[in-house]
Amino acid sequence: MKQLVEDLFNNKFEKYFRLYGILIFIFTISNYIFQNLAHMTTSNIMPGIAPHLDLGLPYKDYWDVYPPGIYLFYYLTFFIIYDNIIIYSFFHLFILISTIYFSYKIYEKLETPKIIYYLGLTYFLSPLYIDYLLPNDLIGLFFSFFGLYLYLYMESTKNRVIFSNFFLIFSFFIKETFFLSSFTVLIISLLNGKSSDIKNSIYGIFSSVLFVFAYLQTLSITEEVIKSYTEKYIIFNFEKILLNSIPLLIVSLSFLIYIFLNPKKILVKKFTNIIVQNDSIIYLYSILMLVSFFLIGKDDGGHFDIPKIFTTVFLLNILFKIKYPKIIISIIIFLATGFSLKLNHSIYSYTLIEPNISFNINSNIKDSLTETYEQLSESNGEVLYLYGWGSSDFYYELKVKPYSKYWILHPQITNENQINDLKKNLMIEPPKYIFYCGINDSCVVDFDYKEFENQYINFQNIVTSCYIEIEKNIFELINEECLENINF
């Protein structure tokens with residue numbers, strides 16, 4: 001028995017663990033791989049590819065809370081895969097497999113028992129976290145892990161510093177949760193004190209920022225992106241996040257200043273020698289990632305948590321530095337990950353998988369709009385969809401520009417000023433068509449739309465007074481001047 005345990009933690013059984021990893025990978029992707037795109041994905045794709053299809057521009061015609069990198073990603077991938085849902089499925093596979101590969105190679109640098117990695121992989125592939133194509137959190141993690149992987153494995157010191165910084169920073173432009181971890185290499189360079197590494201880090205960061213800036217300038221949306229951050233500041237209460245981060249910022253800056261002012265002290269030398277080791281770099285990256293989640297204060301147990309799964313596992317491996325039996329350390333890691341990564345929900349979600357690798361891609365909008373589909377697909381900029389997240393699927397399938405930039409009307413991502421802007425636009429130039437589910441109380445949304453209408457815009461009054469129903473939930477404007485004469 002003792003020998004069996006030793007073999008288990010000395011990676012003698014890794015070939016079996018790899019087989020296990022392959023099996024759960026196949027099992028989990030069979031649940032969604034050739035299904036329709038989820039609204040979380042179409043809400044990213046539509047603004048990204050819109051300039052190619054002459055359907056408007058992100059931020060100008062499609063308001064959302066995501067950074068510009070995700071739209072740049074789809075803007076560029078359009079040149080490679082156009083807009084084909086089957087190719088999106090294979091593209092998802094490429095990103096998922098690559099991310100797993102990078103995570104494995106990063107974990108190898110820790111030189112700890114591989115069984116813990118496969119524990120992390122079990123969480124990572126759980127449908128609790130990944131159950132649809134191309135979550136932006138996964139795309140961001142792909143670039144972030146790629147940057148860290150390059151730093152750990154590229155031979156050229158100059159190139160690895162430049163390219164790792166480039167991709168780490170680009171991950172931040174995909175999702176803000178990568179903000180702190182994107183500066184890992186720069187922090188390492190500053191602590192190491194090598195002027196060449198610091199200079200190359202700045203080159204890499206500047207190149208990534210310039211890359212995104214060139215995209216914004218090409219589409220002439222720089223001003224709109226800057227404005228979007230001011231809007232997000234209001235919606236997500238960034239003031240609270242900034243206040244929470246001030247103590248951490250003060251301590252970190254004080255520590256860096258101390259290192260710079262005392263480079264020859266023995267303790268400082270020992271610290272810098274430790275921090276530049278591969279495992280220390282991974283631990284620092286993981287700490288920065290998890291601190292970002294702590295400051296944001298969001299723990300939804302869904303796709304949002306994708307970036308913290310492996311980083312939690314990476315960081316907990318530091319316990320193996322304690323001179324204690326590996327089996328005891330592994331049990332502690334198992335319990336800690338079970339608490340932080342929701343063991344019960346993660347495992348239970350596996351039982352809900354219904355394997356289906358056949359192409360099950362339906363035209364849901366076309367199937368539901370039997371009489372007006374063609375009519376609406378030719379009404380560019382004339383359709384308003386109410387309510388909620390499903391609007392991105394609606395516009396994406398019809399391939400029409402939304403009536404308003406507030407194309408996803410949801411109080412979670414729109415503030416009062418934006419809703420008032422929409423109200424003014426409705427009075428000046430109302431949409432020709434409205435998709436409205438509120439007449440028969442058939443709205444399936446995650447907010448109280450009736451309360452929303454009582455407080456902001458009474459769409460039911462607009463629809464019943466100024467529109468006529470031409471198909472279920474589809475209403476056509478009768479008189480453009482009608483909205484000027486009613487109270488909504």
Side-chain angles (χ1 to χ4, degrees), residues 39 42-64 71 83 219 221 224 363-410 413-414 418-440 442-443 445 449 452-453 456-486 488:
H39 68 80
T42 56
S43 64
N44 294 328
I45 293 177
M46 188 64 184
I49 68 173
H52 295 293
L53 305 177
D54 197 25
L55 295 177
L57 299 170
Y59 300 101
K60 274 189 178 179
D61 303 297
Y62 300 87
W63 158 254
D64 210 332
Y71 306 128
D83 180 42
L219 299 184
I221 57 172
E224 283 74 16
S363 178
N364 294 328
I365 306 301
K366 189 172 185 178
D367 293 342
S368 62
L369 303 179
T370 56
E371 299 175 16
T372 58
Y373 183 85
E374 295 298 328
Q375 188 176 346
L376 293 176
S377 63
E378 296 173 359
S379 56
N380 207 28
E382 297 180 316
V383 186
L384 175 63
Y385 182 98
L386 304 169
Y387 283 105
W389 310 118
S391 60
S392 61
D393 293 338
F394 182 84
Y395 295 116
Y396 175 73
E397 185 174 323
L398 288 172
K399 292 295 187 294
V400 294
K401 179 181 174 182
Y403 158 75
S404 169
K405 67 183 292 184
Y406 307 114
W407 62 311
I408 303 176
L409 191 57
H410 196 294
I413 61 169
T414 46
Q418 292 171 321
I419 295 169
N420 288 333
D421 285 343
L422 173 61
K423 190 170 185 177
K424 291 175 185 176
N425 292 336
L426 288 168
M427 295 181 65
I428 297 170
E429 188 176 354
K432 185 175 181 180
Y433 303 101
I434 294 180
F435 178 98
Y436 181 67
C437 56
I439 295 295
N440 301 311
S442 59
C443 294
V445 291
Y449 70 93
F452 174 85
E453 292 187 358
Y456 297 111
I457 305 175
N458 191 336
F459 278 108
Q460 185 165 30
N461 191 23
I462 291 174
V463 167
T464 54
S465 302
C466 304
Y467 287 76
I468 183 172
E469 189 170 21
I470 55 177
E471 190 174 357
K472 183 181 178 181
N473 295 336
I474 301 295
F475 297 84
E476 184 176 9
L477 183 64
I478 301 172
N479 183 354
E480 289 190 12
E481 297 178 358
C482 176
L483 272 75
E484 298 176 4
N485 302 318
I486 65 170
F488 63 92

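These numbers come from the heavy atoms of this one structure, side chains and all, not from hydrogens, waters or symmetry mates. The model shown is predicted, which means the values in this text are computed figures rather than measured ones.
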Residue list, side chain to side chain contact (heavy atoms under 4.5 Å, CB included) with [X], at least two apart or on another chain:
X: Asn425; result: Tyr403
X: Lys405; result: Trp63
X: Pro430; result: Tyr467, Leu477, Leu483
X: Glu429; result: none

For [X] against [Y], the heavy-atom pair lying closest together:
X: Tyr433; Y: Ile470; result: CE2-CD1, 4.0 Å
X: Ile457; Y: Tyr387; result: O-OH, 4.5 Å
X: Ile434; Y: Ile462; result: CD1-CG2, 4.4 Å
X: Trp407; Y: Ser391; result: O-OG, 2.9 Å

Query raised in the report: Which residues satisfy the salt bridge (charged side-chain N to carboxylate O under 4.0 Å, His left out) test with Asp61, sequence neighbours excluded?
Result: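 Expected list: Lys401.
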Query raised in the report: Residues in salt bridge (charged side-chain N to carboxylate O under 4.0 Å, His left out) with Lys399, at least two apart?
Result: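 Checked Lys399 against salt bridge (charged side-chain N to carboxylate O under 4.0 Å, His left out); matches are Asp83.
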Query raised in the report: Quick one: does Lys423's side chain have a donor or acceptor within less than 3.5 Å of a partner on Tyr456's backbone?
Result: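 Looks like yes, one N/O pair under 3.5 Å.
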Query raised in the report: Counting distance only, does the side-chain N/O of Thr464 pair as donor-acceptor with the main-chain N or O of Asn461 below 3.5 Å?
Result: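 Yes, Thr464 side chain to Asn461 backbone: donor-acceptor pair under 3.5 Å.
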Query raised in the report: Strictly under 6.0 Å, is that where the ring centroids of Tyr71 and Tyr59 end up?
Result: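 Ring centroids of Tyr71 and Tyr59 are less than 6.0 Å from each other.
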Looking at residues at least two apart in the chain, or sitting in another chain, which of them share a side-chain hydrogen bond (donor to acceptor under 3.5 Å, both in side chains) with [X]?
X: Ser392; answer: Thr42
X: His410; answer: Asp446
X: Ser377; answer: none
X: Gln460; answer: none

Query raised in the report: Where does the angle between the aromatic ring planes of His39 and Trp389 fall among parallel (under 30°), tilted (30 to 60°) and perpendicular (over 60°)?
Result: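 Aromatic pair His39/Trp389 classed parallel.
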Query raised in the report: By ring-ring contact (aromatic ring centres under 6.0 Å, His included), which residues pair with Phe394, not counting sequence neighbours?
Result: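 ring-ring contact (aromatic ring centres under 6.0 Å, His included) check on Phe394 returns Tyr385, Phe435.
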